[in-house]
2 protein chains.
Amino acid sequence: MGSCQHESELAGGVSQRIDTIINHAEQHCKTHGVRLTDKRKQLLSVLIGSEKALSAYELIDLCKAEFGKAIPAMSVYRMLQFLEDERLVHKLNLANKYVACAHISCDHAHSVSQFLICGECSKVDEISVPKQVFAELEKNVEEAGFHLITPQLEINCICNDCKKGNKH
Amino acid sequence: MGSCQHESELAGGVSQRIDTIINHAEQHCKTHGVRLTDKRKQLLSVLIGSEKALSAYELIDLCKAEFGKAIPAMSVYRMLQFLEDERLVHKLNLANKYVACAHISCDHAHSVSQFLICGECSKVDEISVPKQVFAELEKNVEEAGFHLITPQLEINCICNDCKKGNKH
DNA sequence: CATGCAAATGTTACAATGTATCATTTATTA
DNA sequence: TAATAAATGATACATTGTAACATTTGCATG
Ligand SMILES: [Zn+2]
Ligand SMILES: [Zn+2]
Ligand SMILES: [Zn+2]
Ligand SMILES: [Zn+2]
């Protein structure tokens, strides 16, 4: 770790931090020959700016609040699919919510991720699963006659703040 | 392992196997001072008899087919909640589906479960997570400032049959 | 620049999943 | 048996997600 965006809150404030990540995302898309359109960029920036995982309809509300115009649900789901395919966003199936990848600006490879999802406030942390832990899990999966599809662990948690009874 | 219901297909056929498990479930409920009503028993037996995880509405359809009368969705969700609380049934959040616990008839304690869910055919296997693997995961969760709620891992897989292209 | 194509987005109508609320039935207990 | 609590039913609705078709936008080519 060390260069992950969620750990570096340097001078410049939140909006500049978002811009930096968006720049990385644009570079990523250029490299992959796909287009990060304005709408897709709006969605992504809202997700990057959010501490919590957001549902598709929460995203719609936030986009409307921030950019003035409501994006139809159908379009939002399509854009989320695009961002997921590009690995800029992760869908959390446990919660039916979406988060920006925590490693958009990192240069290190994207290893197997484990998502810790607070059931109270939807705060999410994306951490890496140690290689040998994951290898052990995978071995058991194969022995049971299954094969992994999306190597991604999601776990229902409660965060420290919510455990202490803090309101948000 | 060794005495788990899903590994022992002795003489007597499927329906007797289901009866045996239901008997264990009734004993469990008696011990815990709760009631395994007829409706709850119907739901549970349909789940036990199913190879696949079932959605609430699939359960409604199967109950109607088998017992003649449709159970309202509201009631089904309440009964599923009851069965979940009694640990007779597990909800798979990844798939929004339900499975009977694979260990209702086992005498050994119910350890941390990992559910392998085939995305094609919804076949599910409930296997145990090795203690030390789970301990490692939990350590990382705590270090990230979260606490586990429901120690249950769910992973999107594809089963051998579906991988080979078999239809069901 | 005009034109034509493909990608992206919008619109409408719906399907699927889940719940809040209040009414009714069933079981337990006094 | 009457009172009480637990379980189930009925209705209406909220949330999440998608299919099908229309429209707009970006881009290449003549
Ligand atoms: Zn990521
Ligand atoms: Zn929290
Ligand atoms: Zn179980
Ligand atoms: Zn399968």
Side-chain angles (χ1 to χ4, degrees), chain A residues 25-26 29-30 32-47 52-64 67-86 88-99 117 119 122 154 156, chain B residues 25-26 29-30 32-47 52-64 67-86 88-99 117 119 122 154 156:
Chain A
E26 273 184 317
C29 288
K30 196 173 292 179
H32 287 69
V34 295
R35 288 168 46 205
L36 189 61
T37 63
D38 286 350
K39 293 279 167 64
R40 288 167 175 172
K41 214 181 294 182
Q42 281 183 15
L43 238 62
L44 182 57
S45 70
V46 168
L47 278 172
K52 317 181 314 169
L54 299 172
S55 76
Y57 285 84
E58 286 170 340
L59 263 171
I60 290 174
D61 292 344
L62 286 176
C63 280
K64 171 135 188 205
F67 302 104
K69 190 157 164 255
I71 306 174
M74 187 72 255
S75 299
V76 166
Y77 280 105
R78 280 187 294 225
M79 292 169 196
L80 285 171
Q81 183 65 57
F82 168 87
L83 294 169
E84 229 193 315
D85 290 344
E86 294 303 317
L88 298 169
V89 160
H90 299 294
K91 171 167 190 183
L92 304 178
N93 296 290
L94 274 196
N96 285 331
K97 290 176 192 291
Y98 301 82
V99 285
I117 310 167
S122 292
E154 305 175 29
N156 276 127
Chain B
E26 273 184 317
C29 287
K30 195 172 294 178
H32 287 70
V34 295
R35 288 167 45 205
L36 189 62
T37 64
D38 287 350
K39 292 281 167 64
R40 288 167 175 172
K41 214 183 292 182
Q42 282 182 16
L43 237 64
L44 182 55
S45 71
V46 168
L47 278 172
K52 319 181 314 168
L54 300 173
S55 76
Y57 284 84
E58 285 170 341
L59 263 171
I60 290 174
D61 292 343
L62 286 176
C63 281
K64 170 135 189 203
F67 303 103
K69 190 160 164 250
I71 307 175
M74 187 71 255
S75 299
V76 166
Y77 280 106
R78 278 188 294 226
M79 293 169 195
L80 286 170
Q81 184 64 57
F82 168 87
L83 294 169
E84 229 193 316
D85 291 345
E86 293 304 317
L88 298 169
V89 159
H90 300 292
K91 172 167 190 185
L92 305 178
N93 296 290
L94 273 196
N96 284 332
K97 289 175 193 292
Y98 300 82
V99 286
I117 310 166
S122 292
E154 305 174 30
N156 276 127

Verify side chain to side chain contact (heavy atoms under 4.5 Å, CB included) between Lys39(A) and Lys69(A), making sure each step is shown before the conclusion.
CA-CA 11 Å; Lys39(A) 293 279 167 64; Lys69(A) 190 157 164 255; 4.3 Å; yes
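To the nearest 0.5 angstrom, Tyr77(B) atom OH is 5.0 Å from Tyr57(B) atom OH.
Closest contact between the side chain of Asn96(A) and the listed nucleotides dT16(D), dG18(C), dT17(C) involves dT16(D). With dG17(D), dG18(C), dG10(C) as the candidates, the nucleotide lying closest to the side chain of Ile71(A) is dG10(C).
Of all the heavy atoms in Arg40(B) and Arg35(B), the pair that sits closest is NH1-O, 2.7 Å. Across all their heavy atoms, Leu44(B) and Ala25(B) have their closest contact at CD2-CB, 3.7 Å. The shortest heavy-atom contact between Asn93(B) and Glu154(B) is N-OE1, 2.9 Å.
Between the CG atom of Asp61(B) and the P atom of dA15(C) there is a distance of 15 Å, rounded to whole Å. In this structure, CG of Leu59(A) is placed 16 Å from P of dT15(D), rounded to the nearest angstrom. Between Tyr98(A) atom OH and dT15(D) atom P there is a gap of 16 Å when expressed in whole angstrom units. Atom CG of Leu43(B) and atom C1' of dG9(D) are 15 Å apart (whole Å). Between the NE2 atom of His32(B) and the P atom of dA6(D) there is a distance of 18 Å, given to the nearest Å. dT19(C) atom C1' lies 13 Å from atom CD1 of Ile60(B), rounded to whole Å.
Leu43(B) pairs in a side-chain contact (heavy atoms from CB on, under 4.5 Å) with only one of the listed residues (Leu54(B), Leu62(B), Ile71(B)), which is Ile71(B).
Using a 4.5 Å cut-off on side-chain heavy atoms (C-beta onward), Met79(B) and Gln42(B) make no contact. By the 4.5 Å heavy-atom criterion applied to side chains, Ile117(B) and Val99(B) are not counted as neighbours.
Of all the residues in residues 34-42 of chain A, Arg35(A), Thr37(A), Lys39(A), Arg40(A) reach under 4.0 Å from DNA chain C with at least one non-hydrogen atom. Against DNA chain C, the stretch residues 74-86 of chain B makes heavy-atom approaches under 4.0 Å through Met74(B), Tyr77(B).
Contact annotation for Pro72(A): base contact, defined as any heavy-atom pair under 4.0 Å involving a base atom. Across all strands shown, Lys97(B) has no heavy atoms under 4.0 Å from either base or sugar-phosphate atoms.
For the residue pair Gln81(B) and Asp85(B), a side-chain donor N or O sits within less than 3.5 Å of a side-chain acceptor on the partner.
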